[in-house]
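See below for the structure under consideration.
Because the structure is predicted, anything quoted here is derived from the model rather than measured. All residue numbers refer to positions in the sequence shown, counting from 1.
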Amino acid sequence: MPEEELHTIRIHLDRLLAERGMTLTELSAQVGITVVNLSVLKNERAKAVRFSTLSRICDVLRCQPGDLITHEPAERV
């Protein structure tokens, strides 16, 4: 896949934070990941996510990876 090609993975961190009444700063403190790195993930600019990072986020937000990340297939022409 060419680097400039858009992906169809969606991150739902905003929704999960809102549902839990938590800020990105609070999540950062509890997960041990910088606000900047969480912001990159939240804004769907991340190119990869470590399983250890995903596990910590899911632990703090009490969610499953599928609650945080979904795949929206591109429409085929």
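Applying the side chain to side chain donor-acceptor pair (under 3.5 Å) test to residues at least two apart or on different chains, the pairs with a partner in residues 29-39 are Thr34-Asn37, Ser39-Asn43. For residues 25-41, no pair satisfies salt bridge (charged side-chain N to carboxylate O under 4.0 Å, His left out), with sequence neighbours left out. Among residue pairs with one or both ends in residues 48-65, none qualify as salt bridge (charged side-chain N to carboxylate O under 4.0 Å, His left out); sequence neighbours excluded.
Without hydrogens or angle criteria, Thr53 side chain to Val49 main chain gives no donor-acceptor distance under 3.5 Å.
Residues Ser28 and Ile33 are not in side-chain contact: their nearest non-hydrogen atoms beyond the backbone lie 4.5 Å or more apart.
Taking the side-chain contact (heavy atoms from CB on, under 4.5 Å) definition, one finds that Ala46 meets it with Val40, Leu41, sequence neighbours left out.
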Step by step, would you call Leu27 with Arg20 a side-chain contact (heavy atoms from CB on, under 4.5 Å)?
-> CA-CA 10 Å; Leu27 180 64; Arg20 285 147 179 83; over 6 Å; no
Side chains of residues 8-17: which donor-acceptor partners sit under 3.5 Å, not counting sequence neighbours?
from: Thr8; atom 1: OG1; to: His71; atom 2: NE2; distance (Å): 2.9
from: Thr8; atom 1: OG1; to: Glu72; atom 2: O; distance (Å): 3.4
from: Arg10; atom 1: NH1; to: Glu44; atom 2: OE1; distance (Å): 3.2
from: His12; atom 1: NE2; to: Thr70; atom 2: OG1; distance (Å): 2.6
from: Arg15; atom 1: NH1; to: Glu19; atom 2: OE2; distance (Å): 3.3
from: Arg15; atom 1: NH2; to: Asp67; atom 2: O; distance (Å): 3.0

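When all heavy atoms are compared, the tightest approach of Pro65 to Cys58 is N-SG, 3.6 Å.
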